[in-house]
Amino acid sequence: MDRKRPDDSAPDSLERQIGAWRAHLRKSRAITGSDAEELEDHLREQIAALGAGGLLEDEAFLVAVKRLGAIDVLTREFAREHSERLWKQLVLSGDGGEGSAGWLGTGGSRRMWVALLLAFAAGVAIKLPAFFGIDFADSAPFYALNIGFFTLPFIVAYFAWDRPLPRSSRLWLAVVFVVAAIIVNAYPFSPSPGSDTEILTSIHLPIALWLAVGAAYVGGRWRGSDRRMDFVRFTGELFIYYVLIALGGGVLIGVTFNLFQAIGIDVEPQVQSWIVPCGIAGATLVATWLVEAKQSVIENMAPVLTRIFAPLFGLLLLVFIVTMAWTGRDIDVAREVLIAFDLLLVVVIALLLYSISARDFLAPPGLFDWIQLTLVGTALVVDVLALWAIASRISEFGFTPNRVAALGENVVLLVNLAGSAILYARFLRGALPFSRLCDWQTTYLYVIAAWAAVVAFLFPLVFRFA
């Protein structure tokens, strides 16, 4: 009698198991990014070979992990941490010691120097326009529009060097950046500084191009929610490190001003023309390297930050809704207010994403899951109120690029929050696995990137570069 494949042995289930195994490898200081990639390739080869021999996917995974466990102490550690998994008994067949290679070992040192070299290249790139009379301090619109081209291609280059990215993928990524740069710089934006469509393009273009960074980060293997969630996790970690570097840089600049002022020298022009632009570009590469090199530290930090701020943001939104209902006041739809609302909703989704990426998918629902659902629910109500205010403003005063962009962005966020609320509620009722919520969020990355591309490339044409 033929055996039927159980539901939990579907390809998505296999990818989740491999993703959990991979996530554990990345926590160890003894394993670099390329080491984890190599071990995963070995695991997949073993699974494919065993599958060709007639084993089901779940059986092939168990045997492949057992074979790697005989030579890899980290696999045994993973099995100890996840005692609920069947393959704990298959792997814990012996003791092993901790790897001795540190995060700044031979491989880590090489990556550090490559990152620093690319950081220097990014600093040079952002200064090149100055040789054509486009100074950083006097040409803010130009640099705001092109900041993604001075930073993101170098991050892509770092991952293209570090990952087994196919040559065809590297070519396509290069084409994406070149074509995007030609298009946005060829647009005849309004000569008045800070035209609406130019500002909207400057904000949304890096968001659209960030998906290209994701393709390089996963080494071209974009299929499966686990890979995309890894990229989401990297994005949050990069933001944390970049903010920390920026704060340190601010302190350094302040000290520089005070030191030279003590001897009567004004260094402000040099700081504005050299240190600030080069630091903005170079810090992105340094932060990228730090995320990859010190993942064990940041992975402990990020879940803690999420657990602290998720309840606080949920309480903030709840108090806002109650206050608004109590006072009967409507939301002001000035541009600054709309930006603040959108940023708030983006932070809520970021907190949700980070909590998802740090959560054990097999763990039962708990108190923090209810807090997360409350956060999403209150954000959903606030988004509906903002949409109502925006729609009323448009019906009264007509369409403008800012209003249409705000309307579209709030609709995009509304759909994401509504889907998240429904899936989270069903998970809490035990109607579906937590992985479905992860799948929803990682698939929604396409929607966010698509809308950002529409605003960046089509809005200038539709609104005649106003």
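Just so it is clear, the structure is predicted and the values come from calculations on it, not from any experiment.
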Check whether any side-chain heavy atom of [X] lies under 4.5 Å from a side-chain heavy atom of [Y], and answer yes or no.
| X | Y | value |
| --- | --- | --- |
| Val218 | Phe159 | no |
| Tyr354 | Val232 | no |
| Ile280 | Ile147 | yes |

Asp383 side chain to Ala379 backbone, donor-acceptor under 3.5 Å: no

Donor-acceptor contact below 3.5 Å, side chain Tyr143 vs main chain Ile134: yes

Arg436 to Phe427, cation-pi by 6.0 Å centre distance and 45° axis angle: no

Measuring from [X]:[atom1] to [Y]:[atom2], what's the distance to the nearest 0.5 Å?
| X | Y | atom1 | atom2 | result |
| --- | --- | --- | --- | --- |
| Leu116 | Leu285 | CG | CG | 9.0 Å |
| Phe154 | Phe120 | CZ | CZ | 11.0 Å |
| Leu353 | Thr235 | CG | OG1 | 9.0 Å |
| Leu445 | Ile207 | CG | CD1 | 12.0 Å |
| Phe313 | Leu317 | CZ | CG | 8.0 Å |

is_close_aromatic(Phe231, Trp210), centroid dist under 6.0 Å: yes

Tyr241-Phe234 aromatic ring centre distance below 6.0 Å: no

My understanding is that only one of [options] makes a side-chain contact (heavy atoms from CB on, under 4.5 Å) with [X]; could you say which?
| X | options | value |
| --- | --- | --- |
| Phe463 | Leu458, Val404, Asp196, Asn402 | Val404 |
| Ile240 | Leu244, Leu238, Val243 | Leu244 |
| Leu318 | Thr374, Thr323, Leu375, Thr378 | Thr378 |

Considering all heavy atoms, the nearest Val376-Ser420 contact: CG1-CB, 4.2 Å

Least distance between heavy atoms, Ser273 atom then Lys127 atom: O-NZ, 2.7 Å

Side-chain donor-acceptor contact under 3.5 Å, Tyr424 with Asp369: yes

Exercise: do Asn416 and Gln441 side chains pair donor with acceptor under 3.5 Å: yes

Heavy atoms from other residues, nucleotides or ligands near CZ of Phe177 exceed 12 (cutoff 6.0 Å): yes

Crowding at CZ, Phe399 (>12 non-hydrogen neighbours, <6.0 Å): no

With Trp172 via side chain to side chain contact (heavy atoms under 4.5 Å, CB included) - residues at least two apart: none

N-O pairing of Glu396 and Arg403 below 4.0 Å: no

